[in-house]
Amino acid sequence: MDLDEAKWALRVLERIYGGFEEWWKGLSAFEILVATIISQNTNSKNTSAAFRKLRERFSLRPEVLAGAPLKELEECLRPAGLYRMKAKRIKEISAILLGREGGLEAILKKPLDEARSELVSLPGVGWKTADVVLSFAAGKATFPVDTHIARIAKRWGIVDGKAGYEEVSTAFKKVVDEKERRRVHLMLIRFGREYCVARAPRCDQCPIKPPCRGVPLGRRTARKV
DNA sequence: CTCCGGCGAG
DNA sequence: CTCGCTGGAG
């Protein structure tokens, strides 16, 4: 698929997925950061369960979480998996932001590249998490790439099979207008969950069937039967 | 590359 | 039972 065909494909998805839930509305930037860390390598259901538990137990502010007992944080985060790491990192990040003038908001006011590299320097924050926060909490012009989106980009063939994070992100930034990126990001995740699934993609029911030819994932051709 | 990890789909 | 999930660090 070339980039024009990708634009067409996105329009098809928009027709199917009319509305979408603005889950980040009403959340502070810090809460969005915490929620995104919880979501790492975890499905949305388990993410919500853990986030809900955490918010029931604590006021989600750096001042509170920096001093929260690690055990209690872990207990809240368990449904999301990877919970010891996530609890530790959220607590560490809280302490770091506490000690910084202006906290997270000050970082998000900076120019994109500067803000991005400061976020990535936080423990447990990689490109994906940083881009989600920049996009959803600060309205910056990023395009977050999760495993669904990377998989779709490779199957559609708008990047090659061994493309890294930045290549996929750049490809979608070319195709999607700045103001539409949050919506398209969420749409693609939904499409990846409902049709373009990792294990057994439902190509027979896929609305993007042509021009997508179902390019197999670039890696791991030799699975043992 | 491996580990962290509860959880649901197949 | 295995695999993958809105990843990141060592």
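All of these numbers come straight from a predicted model, not from anything done at the bench. Lettering of chains follows the sequences in order, A, B, ..., and the numbering in each one begins at 1.
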Taken to the nearest whole Å, CZ/A:Arg202 to P/B:dA9 is 11 Å

Can a donor-acceptor pair be found between the side chains of A:His185 and A:Arg182 at a distance below 3.5 Å? no

Taken to the nearest whole Å, NZ/A:Lys86 to P/B:dC3 is 18 Å

Sticking with atom C1', work out how far C:dT6 lies from B:dC1, rounded to a whole angstrom. 23 Å

Let me see the working for A:Asp131 and A:Arg116 under salt bridge (Lys or Arg N to Asp or Glu O under 4.0 Å), right down to the final yes or no. CA-CA 7 Å; A:Asp131 282 342; A:Arg116 192 167 190 247; 2.8 Å; yes

Measure from the side-chain N and O atoms of A:Glu118 to the backbone N and O of A:Ala115, and report whether any donor-acceptor pair falls under 3.5 Å. no

Going by ring-ring contact (aromatic ring centres under 6.0 Å, His included), name the pairs with one or both residues in residues 74-115 of chain A, residues two or more places apart or in two chains. none

Heavy atom of residues 120-142 of chain A under 4.0 Å from DNA chain B: which residues? none

With A:Thr47, which residues qualify under side chain to side chain contact (heavy atoms under 4.5 Å, CB included), at least two apart? A:Ile38, A:Ser39, A:Thr42

Rounded to the nearest Å, what distance is computed from the CZ atom of residue A:Phe191 to the P atom of nucleotide C:dT6? 15 Å

Roughly how far apart, to the nearest Å, are B:dC4 and C:dC5 at atom C1'? 13 Å

Tell me, which of residues 166-179 of chain A have any heavy atom that sits under 4.0 Å from an atom in DNA chain C? none

Does the pair A:Ser94 and A:Phe30 meet the rule for a side chain to side chain contact (heavy atoms under 4.5 Å, CB included), with working shown? CA-CA 9 Å; A:Ser94 300; A:Phe30 180 72; 3.4 Å; yes

Can you tell me how far apart OH (A:Tyr165) and CD1 (A:Ile149) are? Round to the nearest 0.5 Å. 8.5 Å

How many Å lie between CD1 on A:Ile149 and P on C:dC5, as a whole number? 13 Å

When the ring planes of A:Trp156 and A:Phe191 are compared, do they come out parallel, tilted or perpendicular, using 30° and 60° as the limits? tilted

Students often get this wrong, so: under 4.0 angstrom with heavy atoms, is A:Thr147 touching a base, only sugar-phosphate, or nothing? sugar-phosphate

A:Leu119 CG to C:dA9 P: how many Å, rounded? 12 Å

Hey, mind stepping through A:Leu119 and A:Leu108 against side chain to side chain contact (heavy atoms under 4.5 Å, CB included) and telling me if it holds? CA-CA 9 Å; A:Leu119 288 175; A:Leu108 296 181; 4.1 Å; yes

Would you say A:Arg182 reaches C:dT6's phosphate, i.e. side-chain N/O to OP1/OP2 under 4.0 Å? no

For atom NZ of A:Lys53 and atom P of B:dG6, their distance in whole Å: 12 Å

Give me the residues of residues 66-83 of chain A where at least one heavy atom lies under 4.0 Å from an atom of DNA chain B, by number, or none. A:Arg78, A:Pro79, A:Ala80, A:Gly81, A:Leu82, A:Tyr83

Which residues in residues 32-45 of chain A have at least one heavy atom lying under 4.0 Å from any atom of DNA chain B? A:Asn41, A:Thr42

Would you give the length of the straight line joining atom NZ of A:Lys7 to atom CZ of A:Arg11, rounded to the nearest 0.5 angstrom? 8.0 Å

Given C:dG7, B:dG6, C:dC5, which nucleotide is nearest the side-chain atoms of A:Met85? C:dG7

Calculate, to the nearest 0.5 Å, the distance between atoms CD and CZ belonging to A:Glu194 and A:Arg190 respectively. 4.5 Å

Would you say A:Arg89 reaches C:dG7's phosphate, i.e. side-chain N/O to OP1/OP2 under 4.0 Å? no

Rounded interatomic separation in angstrom, taking CH2 from A:Trp23 and P from C:dT6: 13 Å

Would A:Leu27 and A:Leu65 show up in the same hydrophobic cluster when neighbours are defined by side-chain heavy atoms closer than 4.5 Å? yes

Atom-to-atom span, CZ of A:Phe51 to C1' of B:dC7 - whole angstrom: 20 Å

Say whether A:Tyr195 and A:Val197 are linked into one hydrophobic cluster, either directly or through other cluster members, by side-chain heavy-atom distances under 4.5 angstrom. no

Once rounded to the nearest 0.5 Å, what's the spacing between atom CD1 of A:Ile208 and atom SG of A:Cys203? 11.5 Å

